[in-house]
Amino acid sequence: MTTARLPLFPLNSVLFPGLVLPLNIFEERYRAMMRELLKTDEEEPRRFAVVAIRDGREVAPASPGMPDPTTVVERGPAAGFGPDPIQAFHRVGCVADAATVRERGDGSFEVLATGTTRVKLLSVDASGPFLTAELEEIPEEQGDGAATLAEGVLRAFRSYQKRLAGARERSLSTGAELPDEPSVVSYLVAAAAVLDTPAKQRLLQAPDTATRLREELTLLRAETAMLRHLPSLPAVDLTWRPTSPN
């Protein structure tokens, strides 16, 4: 297995291979991370790892009652993630390649990255200005019947899209032809379906493409059936790209 040590960026969402990730960076720990990435030669990939935060929130303990104005706000690379940061994160994440890192005049950053490879989180180091992690690459195995399953998932996904658009009383279009390569299909559908973070995390860490596609087929059929019984849903934009206010 290939291992690497990379900067670690925890998010309240799941990043999948092939998914575009726009980030708005303003916290100092992540500014420091971007400044370090900018030291990388432009011809080399500017890589960092993205992991989802457990329960979709930062997990540092909080005191009850009104905020105390004299309280010192916790700072540092592990702020908000408790005494053992690795426990705050899901153990399977995705490497992101930052194609664009643009620094603004106030020192914040606009970043546009793309998910590339799944990784397993082995350890987290909080000794520097930002979190780093030792990571092990997870190969993508196809599994049995992936091609046939991908065809079924695409049909179910189109039906799901139509039901979702109808429930929201608006038209919905991907703006492009859907792919037919099984692993690409599995990640595209996982990213585009309106699912909570635990469900998306299960799809990310599926042992192979076929297993992911089977679970997606079950989820899509269940979600489509539910939508049949809903006259309308609140207008929530379906985005192909997760955003993070950092």
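- Distance check: T3 OG1 to L135 CG gives 9.0 Å after rounding to the nearest 0.5 Å.
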Begin from the C-alpha positions of V119 and V92 and carry the test side-chain contact (heavy atoms from CB on, under 4.5 Å) through to its verdict.
CA-CA 6 Å; V119 285; V92 175; over 6 Å; no
Given side-chain contact (heavy atoms from CB on, under 4.5 Å), test V20 with L112 step by step and report yes or no.
CA-CA 7 Å; V20 176; L112 192 63; 3.5 Å; yes
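- Criterion: ILVMFWY side-chain heavy atoms under 4.5 Å apart, direct or through other members. Under it, L217 and L154 are part of a common hydrophobic cluster.
- In this structure, CG in L188 is found 9.0 Å from CD in E216, a value given to the nearest 0.5 Å.
- Criterion: ILVMFWY side-chain heavy atoms under 4.5 Å apart, direct or through other members. Under it, L19 and I53 are part of a common hydrophobic cluster.
- One N or O on the side chain of T40 and one on the backbone of L37 form a donor-acceptor pair closer than 3.5 Å.
- A tilted orientation is assigned to the rings of F9 and F48, their planes being inclined by 30° to 60°.
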Candidate pair E136 and K120, rule salt bridge (charged side-chain N to carboxylate O under 4.0 Å, His left out), full reasoning
CA-CA 5 Å; E136 181 178 84; K120 180 180 179 181; 5.1 Å; no
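- Electrostatic pairing of E28 and R35 counts as a salt bridge here, judged by a charged N lying under 4.0 Å from a carboxylate O.
- Here the side chains of Q142 and D208 are not in contact, with every heavy-atom distance at 4.5 Å or above.
- Between L121 and H90, the closest heavy-atom pair is CD2-O, 4.0 Å.
- Within the 4.5 Å cutoff, the side chain of E36 has no heavy atoms near those of the M33 side chain.
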Should N24 and R104 be marked as a side-chain contact (heavy atoms from CB on, under 4.5 Å) after you check the CA-CA gap, both sets of side-chain angles, and the distance that decides it?
CA-CA 10 Å; N24 180 27; R104 303 188 186 99; 2.8 Å; yes
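- By the 4.5 Å heavy-atom criterion applied to side chains, Y187 and P182 are not counted as neighbours.
- For the atom pair OG of S123 and CG of L8, the computed distance is 10.0 Å after rounding to the nearest 0.5 Å.
- T116 places a side-chain N or O within donor-acceptor distance of the main-chain N or O of V95, the cut-off being under 3.5 Å.
- Once rounded to the nearest 0.5 Å, the distance linking CG of D125 with OG1 of T132 reads 4.0 Å.
- Between R118 and E137 there is no salt bridge, since none of the side-chain N atoms of the basic residue sits less than 4.0 Å from a carboxylate O of the acidic one.
- For R91, the CZ atom sits in a packed shell: over 12 heavy atoms of surrounding residues, nucleotides or ligands are nearer than 6.0 Å.
- L220 and V194 fall within a single hydrophobic cluster, where Ile, Leu, Val, Met, Phe, Trp and Tyr side chains are chained together by heavy-atom contacts under 4.5 Å.
- Listed here is the closest heavy atom pair of C94 and P17: SG-N, 3.7 Å.
- V50 is listed as a side-chain neighbour of L21, based on a closest heavy-atom distance under 4.5 Å.
- Closest approach of G93 and V51 over heavy atoms only: CA-CG1, 4.1 Å.
- Atom CZ of R5 is separated from atom CD of E134 by 5.5 Å, given to the nearest 0.5 angstrom.
- Between the side chains of S183 and E181, a donor-acceptor pair is found at a separation under 3.5 Å.
- With D196 contributing its side chain and A199 its backbone, the two residues share a donor-acceptor pair below 3.5 Å.
- Proximity of a side-chain donor or acceptor of K200 to a complementary backbone N or O of A193 within less than 3.5 Å is detected.
- Pairing each heavy atom of L213 with each of A150, the nearest pair is CD1-N, 3.8 Å.
- Between the CG atom in L149 and the CD atom in E151 there is a gap of 9.5 Å [rounded to 0.5 Å].
- Connection of M34 to L38 is established within a shared hydrophobic cluster, with ILVMFWY side chains joined at heavy-atom distances below 4.5 Å, either directly or through further cluster members.
- Here the closest heavy-atom approach between residue G115 and residue L15 is recorded as CA-CD2, 3.9 Å.
- At a threshold of 4.0 Å, the pair R212-E140 counts as salt-bridged, since one of the basic side-chain nitrogens sits closer than that to a carboxylate oxygen.
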Hey, mind stepping through V153 and R214 against side-chain contact (heavy atoms from CB on, under 4.5 Å) and telling me if it holds?
CA-CA 8 Å; V153 165; R214 283 191 199 95; over 6 Å; no
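- The main-chain N or O of E141 is found under 3.5 Å from a side-chain atom of T209 such that the two form a donor-acceptor pair.
- Side-chain atoms of V14 and T197, non-hydrogen and from C-beta on, do get closer than 4.5 Å to each other.
- Under the 3.5 Å distance criterion, the side-chain polar atoms of R31 are matched with a main-chain donor or acceptor of F26.
- In plain terms, the two heavy atoms of A126 and P77 that are nearest each other are O-CG, 3.3 Å.
- The closest side-chain heavy-atom distance from L131 to F89 is below 4.5 Å.
- At a threshold of 4.5 Å between non-hydrogen side-chain atoms, the residues T100 and V111 do not count as touching.
- Using a 4.5 Å heavy-atom cutoff, the side chains of L204 and F16 are in contact.
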